[in-house]
Protein chains: 2
Amino acid sequence: MMIESAMGGAMGGPKRGRTRERILDLTLALFNDRSPERVTTAEIARTAGINEGNLYYHFRTKESLVLALFARFEDEAGALADRGAPPSPGEARTYGEFLASWFAIVWRYRFLFRDLLALAAESPSLVEPIRALSGRMRVAVEALVRRMMADGLVVIPEEDLPAILANVWIVSTYWAVYLSLQEGVDRLDDTHLGWGLNQVSSLFRPYLTPSARDALFSASEPGDPPAV
Amino acid sequence: MMIESAMGGAMGGPKRGRTRERILDLTLALFNDRSPERVTTAEIARTAGINEGNLYYHFRTKESLVLALFARFEDEAGALADRGAPPSPGEARTYGEFLASWFAIVWRYRFLFRDLLALAAESPSLVEPIRALSGRMRVAVEALVRRMMADGLVVIPEEDLPAILANVWIVSTYWAVYLSLQEGVDRLDDTHLGWGLNQVSSLFRPYLTPSARDALFSASEPGDPPAV
DNA sequence: GTCTATACTCTGATAGAC
DNA sequence: GTCTATCAGAGTATAGAC
């Protein structure tokens, strides 16, 4: 991510110590397509065009691949969470953009979310990081929503808030499963992100103040049906 | 379920051709606890107190165990879906009870929902049944909601309905993951069902007419926090 | 119906030459 | 850094006696 620019000259060889990154990239793609359990190290090596022994030079265990990808994800998600709410509080559109950023990250690393419990069970060292990150996002989302309330964009009874926040987490994590299963979408792509965003924003819709209804989520085109 | 009472006398031997059912029962428990992928046939046999060879007499493949359990689930879910909406339309409480029945079934067979996509990938013969059943429930839920609308319990703009129905599916399927991950509930049990029910009903809450707010979901005690 | 013994395959992982 | 073996273990499944 920030390593790219740190490399010296020598653009000659297509591989310049980048094998590791290449492996991670295509492993992410494979894991997203199926779960890690159903992707073998042999397949990863073959896809990378290298030998299995070589793969194990770069990653001594299969789990370390998952760990490395989680670290990548954590970097991106953490940066977003720390950045917290969007810079200009009054600007309604930015809320939607924050949500869109979060969605894009979750989408990029969606294999992590397909079966979080299984992931935690197989990589116990991930249990705490997962929980921590999940909690961090939960706090960020709550802060965001409270700012929306303070800005008068939305009116939510205090007692309704916890349930809504939990539903935001659930829907923003698992909308893709619904889409691929119920709507028969075999291979999801970026165009379906808008649909997921709409599902989440629909959780807030009944609470929106009239003025906010127009401004909010205008970036994600609320009414869009999935491009199936 | 209805076989129990059909058995003749001979209560002497604890096993009376029931080994198969016993296997299914404990396999369901094991699968619910971890996914099928992480439960071995050896473990199933050991838990059943029988030999592995014997297990293979009753179920020639591991997949047939999953298939048999899905068939069980399908029976229960199908019966509920066909029964459709509750008998007495005017009675608000019955809507909540229908939802509760659905929840109980999903809960009993929760391993099927933990990673539906993986399940479909590994048992291609389940793809259509899963999709069909999922669609059937979708229709049943929509009919239910429309009756609630007709009965004046709830007021939902037509354009909001599709998103809400999708969210009902998503939340009612994956609330348990949120609970165990975010709230740190290690072993979920029936007492947490109320929490899940509340999450789903909270999707309708802002649309409820004042009179319905009191009557509806009174069985599930809306405000209940999870008994963590 | 149940057990013993065994076969076969897949997969993650290691050792060591180049 | 990369490749060629090669291994050990797990896990599904079968054959056949009782």
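Everything numeric in this text was worked out from a predicted model, so none of it was measured. In the text below, chain A, chain B and the rest are named by the order of the sequence lines, each starting its count at 1.
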*Please state whether the phosphate of dT2(D), meaning OP1 or OP2, lies under 4.0 angstrom from any side-chain nitrogen or oxygen of N54(A).*
yes

_Interatomic distance, E52(B) CD vs dA7(C) P [rounded to whole Å]_ = 16 Å

*asked:* When you measure from the side-chain N and O atoms of Y57(A) to the phosphate of dG1(D), is any distance below 4.0 Å, counting only OP1 and OP2?
replied: yes

*Does Y56(B) have a side-chain nitrogen or oxygen under 4.0 Å from the phosphate oxygens OP1 or OP2 of dT14(D)?*
no

*Search all heavy atoms of Y178(B) against all heavy atoms of R138(A) and return the closest pair with its distance.*
OH-NE, 3.7 Å

*asked:* Between E21(A) and R72(A), is the salt bridge (charged side-chain N to carboxylate O under 4.0 Å, His left out) condition met? List the steps.
replied: CA-CA 11 Å; E21(A) 290 302 308; R72(A) 263 196 186 183; 2.8 Å; yes

*Any donor and acceptor pair, going by atom type alone, linking the side chain of Q199(A) with main-chain N or O of S172(A) inside 3.5 Å?*
no

*Can you figure out which of dT14(C), dG11(D), dT2(D) approaches the side chain of T40(B) most closely?*
dG11(D)

*Would you say T41(A) reaches dT11(C)'s phosphate, i.e. side-chain N/O to OP1/OP2 under 4.0 Å?*
no

*With respect to the side chain of K62(B), which nucleotide from dT4(D), dG12(C), dA13(D) is positioned closest?*
dA13(D)

*Select one nucleotide: of dT2(C), dA13(C), dT4(D), the one nearest the side-chain heavy atoms of T19(B).*
dT2(C)

*Do R38(A) and S35(A) have a side chain donor and acceptor closer than 3.5 Å?*
yes

*Which whole-number value in Å describes the distance from I44(B) CD1 to dA10(D) P?*
17 Å

*asked:* What is the distance, to the nearest angstrom, from the CG atom on N51(A) to the C1' atom on dG1(D)?
replied: 12 Å

*Y109(A) versus E76(A), side-chain donor and acceptor atoms under 3.5 Å*: yes

*L65(B) has an atom CG; how far is it from atom C1' of dT12(D), in whole Å?*
12 Å

_For atom CZ of F59(A) and atom P of dG12(C), their distance in whole Å_ = 15 Å

*Between dA10(D) (P) and R46(B) (CZ): distance, integer Å*: 12 Å

*Spacing between H58(A) atom NE2 and dA13(C) atom C1', to the nearest angstrom*: 16 Å

_Just the rounded figure in Å: distance from P of dT2(D) to CZ of R20(A)._
13 Å

